[in-house]
2 protein chains.
Amino acid sequence: MATIKDIASAAGVSLATVSRVINNGPKVGDATRARVKTIMQEMGYRPNANARALVTKRSASLGVVIPELLEPFFAALGQGIETVTRQQKVQILLSAGSIEQETERRAIETLLEHRVEAMVVHSKALSDAELIDFACQIPGFVLINRYIPEIANRCVWLDNEAGGFIMAEHMIKQGHSKLAVVSSNYQITDPQMRIDGIRRAANAHGIDIPDSHIEFSTPDQEGGELAMQKLLSRDVEFTGILAYNDAMASGAMTMLQDNNIAVPQDVSVIGFDDVLLAKYCRPKLTTLHYPVEMMAGLATRLALDFAMGKSCKEETHKYTPTLITRQSVAAPR
Amino acid sequence: MATIKDIASAAGVSLATVSRVINNGPKVGDATRARVKTIMQEMGYRPNANARALVTKRSASLGVVIPELLEPFFAALGQGIETVTRQQKVQILLSAGSIEQETERRAIETLLEHRVEAMVVHSKALSDAELIDFACQIPGFVLINRYIPEIANRCVWLDNEAGGFIMAEHMIKQGHSKLAVVSSNYQITDPQMRIDGIRRAANAHGIDIPDSHIEFSTPDQEGGELAMQKLLSRDVEFTGILAYNDAMASGAMTMLQDNNIAVPQDVSVIGFDDVLLAKYCRPKLTTLHYPVEMMAGLATRLALDFAMGKSCKEETHKYTPTLITRQSVAAPR
DNA sequence: TTGTACGCGTTATCAG
DNA sequence: CTGATAACGCGTACAA
């Protein structure tokens, strides 16, 4: 691959001149500039981003750490990031990889070795302390879907407790008082936060949700089916199901329908996330919209700004999910 | 950020020694090695991947070009790639960006500037000639979902024509003879290939599928609804619908059901891709499984191998989709 | 307007 | 076993 040196000698000028042409530098004669440009074309020259990063100490790149790509939720997250980076001509370095301490840590470190300018990180396994440590080391370090008070302005997150509250409130407003929950058994704080919110709303209306009315399983459709099945077999009484996410909600609906329980006529179901699936499944899912894509976009701009030394005005980047009313929730009969 | 030089002076040794420790070089005294290691720890040293790439001319990185992340199909593609890069400790540089010539070209060029060692590219807009050109320049250049005879061993692709054939064959075997098609209006070859396959199967059974029985729209759920609506409003007779993908199939089913046409009792529907959605929608979709994740994995290994100078034995990397029987296809009544 | 020379952080080749 | 030192490809003061 041709280097700047090759171009220089081919054009009969010095390295410096070629460099100026490449970077649209100011002090180059029009004739020279044109000649150098054509020669670059002919030789198929491409600047070496690594060499450039080495000397300028800027890489125009953003590191991304997410657990995986397959889940629509994370796909949306990625899309939100990509939209911004493309527009700003920033290259994405992606590291996916499960929710495990060691994997997440390695991902961040690898990105660091590549000297990414900024970083958007979705971490559930690393400790607050470690994350704070990274944040101090890396100016452009932003967390998504996590809130750590000490670095509040670096966190873009969703108020899960409020989300839980809104779900329950909606169900209750529709007339439901016998509520059950289908939640996630992942060891992260989100499920518990949502349950807290649900209970706060319930209690405010004098409704109790005993532990026996809450089932945990994997946060996917299968998990939804399983949890629902357990609830059914335990003969728990309910007319409203609050699911951890849309996939579980969909699974729960399937299981209900398989048992000849009509949704929403006999039992109402509400989801969380508002991913594509919510519109596809039957009945269409009433759910909470999680503005991941927008949040990811903000996180990206934030990370890039911080990296540039701009400090942001806002101290907090909290989002609240909004209710999307479709067909899976109705008044109990 | 501490450099190798800082470590060297802090440890009272030379650059070379530190470098050897970093790369587990052979000729270093145990005592020195240990001392240098602790100092690296203390100072939080991280090797600079850019500098390293500059001198070694290897970057342990893979460039990925795909249109977007949101579509489950591409998410699966990404996941397939990620699985093997993680395992091989290779960093992903991701460039998404629509199906447009200029965008795709820019994506590849940016990746090239970063001197990625290998590249997995999903391109539908660039010409064969240009792609062949890139392939000649870049040893580790592999195309996914596209077949160009001149660089056959660099192509990992699905036999769309065969896919179309299988879909139609299945419908016909179930007893359907009045077939209609809901296809994609994207200007890529895939839709036409599938239609060709469909017609080949139909003709083999003496069945004709006139153009009036084929509707085109965007390859998503909405497009499926639209195309279906057009078909219905034109009073075309059919008992079997062949959709371009699962999303369109799902849309078509919705539209049928909204018109009080039962699936599969009145009309059968078959999809393509076998994404998550196929299992989620009701009735569950009979579809063709597109092994994207596996294909992406192969493409990645291939790209990495080619980059290392290994040539592969296989000359062709063609996949054929397989029929997944669920609930949306039944015998006509 | 153009060229020289140095440094960015590493690896690798030689000597010692 | 260890240490100078020359690349790698590029940007940029400083000179000319």
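No experiment lies behind these values; they were computed from the predicted model shown. Reminder, nothing fancy here: chain letters follow the sequence lines and each chain counts from 1. Hydrogens, waters and symmetry mates play no part in the numbers below; they use all other heavy atoms, side chains included.
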Is it the case that more than 12 heavy atoms not belonging to A:M1 sit under 6.0 Å from its CE atom? yes
What does B:R46 touch in the nucleic acid at a heavy-atom separation under 4.0 angstrom: a base, only the sugar-phosphate, or nothing? sugar-phosphate
For B:K124, does the NZ atom sit with more than 12 other heavy atoms under 6.0 Å from it, leaving out its own atoms? yes
At a 4.0 Å cut-off to heavy atoms of chain B, the contacted part of DNA chain D spans D:dC1 to D:dG9
Rounded to whole Å, the NZ-P distance (B:K57 to C:dT10) equals 18 Å
Separation of C:dA5 atom P from A:K5 atom NZ, nearest Å, is 13 Å
Over 60° means perpendicular and under 30° means parallel, so tell me whether A:F141 and A:F134 are parallel, tilted or perpendicular. parallel
Atom CZ of B:R58 and atom C1' of C:dT10 are separated, to the nearest Å, by 15 Å
- Got B:H317 and B:V142 here, is their nearest side-chain heavy-atom distance under 4.5 Å? no
query: Would you say the side chain of A:P291 lies within less than 4.5 Å of the side chain of A:L158, judging by non-hydrogen atoms?
result: yes
On DNA chain D, more 5' by nearest nucleotide between B:G29 and B:L54 is B:G29
When rounded to whole Å, the CD1 to C1' distance for the pair B:I22 and C:dT10 reads 8 Å
**Asked** Looking across every strand, which nucleic acid part, if any, lies under 4.0 Å from A:V18 by heavy atom: base, sugar-phosphate, or nothing?
**Response** nothing
To the nearest angstrom, the CG-C1' distance between B:N48 and C:dC8 comes to 9 Å
Item checked: Side-chain touch B:E68/A:E82, heavy atoms, less than 4.5 angstrom -> no
- Message: I'd like to know whether OH of B:Y319 has more than 12 heavy-atom contacts from other residues, nucleotides or ligands below 6.0 angstrom.
- Response: yes
For nucleotides 12-16 of chain C, give me every protein contact, N/O to N/O, under 3.5 Å, one pair per line with atom names.
none

Residue pair B:T32/B:A51 against DNA chain D: nearer the 5' end by closest nucleotide is B:T32
Residues A:Y290 and A:N145: side-chain donor-acceptor under 3.5 angstrom: yes
From CG of B:N50 across to C1' of C:dT10 the rounded distance in Å is 11 Å
Residues at least two apart in sequence or cross-chain that pass salt bridge (charged side-chain N to carboxylate O under 4.0 Å, His left out) with A:D159, listed by chain then number, are A:K318
Closer than 4.0 Å, any side-chain N/O of A:S14 to the OP1 or OP2 of C:dT2?
no
Rounded to whole Å, CG of B:D6 lies from P of C:dG9 at a distance of 8 Å
